[in-house]
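See structure below.
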Amino acid sequence: PQHYRLNKKLMINIGQYNHLEVIKKVDFGLYLEGGDYGNILLPKKYAPENTTIGEGLDVFIHLDSEDRLVATTLKPKAVVGECAYLKVVEVNRIGAFLDWGLPKDLFIPFAEQQYALSKGTHTLVRVYQDNRGRLAGSTRIDYWISDDSQGLNQGDKVSLIIGDKTELGFKAIINHACWGLLYG
């Protein structure tokens with residue numbers, strides 16, 4: 001099949017899945033078209049075999065340890081704007097680090113910790129992008145999740161994450177956006 005490059009401004013969403021075109025093959029991976037962000041590396045170990053130049057790939061975009069954009073075909077346990085229960089793998093003088101399914105653990109600064117985190121425990125986290133464009137997590141769920149269920153109707157199919165047990169039942173995050181209550 002022939003591929004055509006569109007003359008549209010390409011938007012890259014850091015912390016999300018993006019559909020990007022392969023523009024160059026190198027020994028250590030593939031370069032993907034990143035528009036104003038420049039070429040984005042998809043390391044060889046994450047590149048599907050037999051990928052061709054001009055092919056579009058669905059990749060997750062994040063920053064590497066040197067704050068450069070990098071792509072992966074690995075699937076994190078949550079993307080920006082989503083919540084997930086994640087395991088704390090390290091706590092040090094700058095914050096906590098959680099396993100979210102990527103080689104670079106998700107950082108939670110102390111300012112975003114509702115309570116002290118301990119290595120080996122699991123915690124409910126929301127993934128966000130900080131003011132420098134880096135991906136981070138927060139356990140201050142009430143800051144991110146509202147009590148307003150606007151846009152939801154009875155009978156709608158929703159996703160739930162149980163957040164807490166109360167006297168009335170279980171608090172649940174609905175569609176990563178608002179709180180609900182399962183009476184029990």
Can you get from [X] to [Y] by hopping between Ile, Leu, Val, Met, Phe, Trp and Tyr side chains that sit under 4.5 Å apart?
X	Y	value
Val127	Leu124	no
Val88	Val125	yes
Ile12	Leu63	yes
Phe170	Ile145	no
Val158	Leu182	yes

Qualifying salt bridge (Lys or Arg N to Asp or Glu O under 4.0 Å) pairs with a residue from [range], counting only residues at least two apart or across chains:
range	answer
residues 147-156	none
residues 160-184	none
residues 42-52	none

*Donor-acceptor pair, side chain of Thr166 and main chain of Gly169, under 3.5 angstrom*: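 Yes: the side chain of Thr166 pairs with the backbone of Gly169.
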Should [X] and [Y] count as side-chain neighbours, where that means a heavy-atom distance under 4.5 Å?
X	Y	answer
Ile53	Leu30	no
Leu106	Leu86	yes
Tyr31	Leu41	yes
Ile173	Ser159	no

*List, by chain and number, the other hydrophobic cluster members for Tyr183, where Ile, Leu, Val, Met, Phe, Trp and Tyr join if side-chain heavy atoms come within less than 4.5 Å, directly or indirectly.*
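Listed partners: Leu168, Leu181.
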Under the side-chain hydrogen bond (donor to acceptor under 3.5 Å, both in side chains) rule, collect the residues that match up with [X], sequence neighbours excluded.
X	answer
Asn50	none
Asn131	none
Tyr115	Thr123

_Set of residues satisfying side chain to side chain contact (heavy atoms under 4.5 Å, CB included) with respect to Tyr17, sequence neighbours excluded_ =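 With sequence neighbours excluded, Tyr17 shows a side chain to side chain contact (heavy atoms under 4.5 Å, CB included) to Phe60, Lys75, Pro76, Val79, given in chain and number order.
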What pairs of residues pass the side-chain hydrogen bond (donor to acceptor under 3.5 Å, both in side chains) test when at least one of them lies in [range], not counting sequence neighbours?
range	value
residues 103-112	Glu112-Ser138
residues 77-88	none
residues 88-102	Glu90-Asn92

*With Ile61, which of Thr72, Val70, Asn18 fulfils side chain to side chain contact (heavy atoms under 4.5 Å, CB included)?*
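Exactly one option meets the side chain to side chain contact (heavy atoms under 4.5 Å, CB included) with Ile61, and it is Asn18.
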In Å, rounded to the nearest 0.5 Å, how long is the span from [atom1] of [X] to [atom2] of [Y]?
X	Y	atom1	atom2	value
Lys157	Asn175	NZ	CG	11.0 Å
Arg140	Gln113	CZ	CD	8.5 Å
His19	Leu57	NE2	CG	7.5 Å
Ile174	Ile161	CD1	CD1	11.5 Å
His62	Leu135	NE2	CG	8.5 Å
Leu32	Leu42	CG	CG	5.5 Å

*Would you name the heavy atoms of Pro48 and Thr73 that are closest together and state the gap between them?*
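Reported closest heavy-atom pair: CD-CG2, 4.3 Å.
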*asked:* Using every non-hydrogen atom in the two residues, find where Pro103 and Tyr46 come nearest and quote the distance to one decimal.
replied: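 Scanning both residues completely, I find the closest heavy atoms to be CG-OH, 3.1 Å.
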_With Arg68 via salt bridge (Lys or Arg N to Asp or Glu O under 4.0 Å) - residues at least two apart_ =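 For Arg68 the salt bridge (Lys or Arg N to Asp or Glu O under 4.0 Å) partners, ignoring immediate neighbours, are Asp64, Glu66.
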*When you look at NZ of Lys24, are more than 12 heavy atoms from neighbouring residues, nucleotides or ligands closer to it than 6.0 Å?*
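Result for NZ/Lys24: open.
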_Please check if the number of heavy atoms outside Phe110 that lie under 6.0 Å from its CZ is greater than 12._
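Correct, the count exceeds 12.
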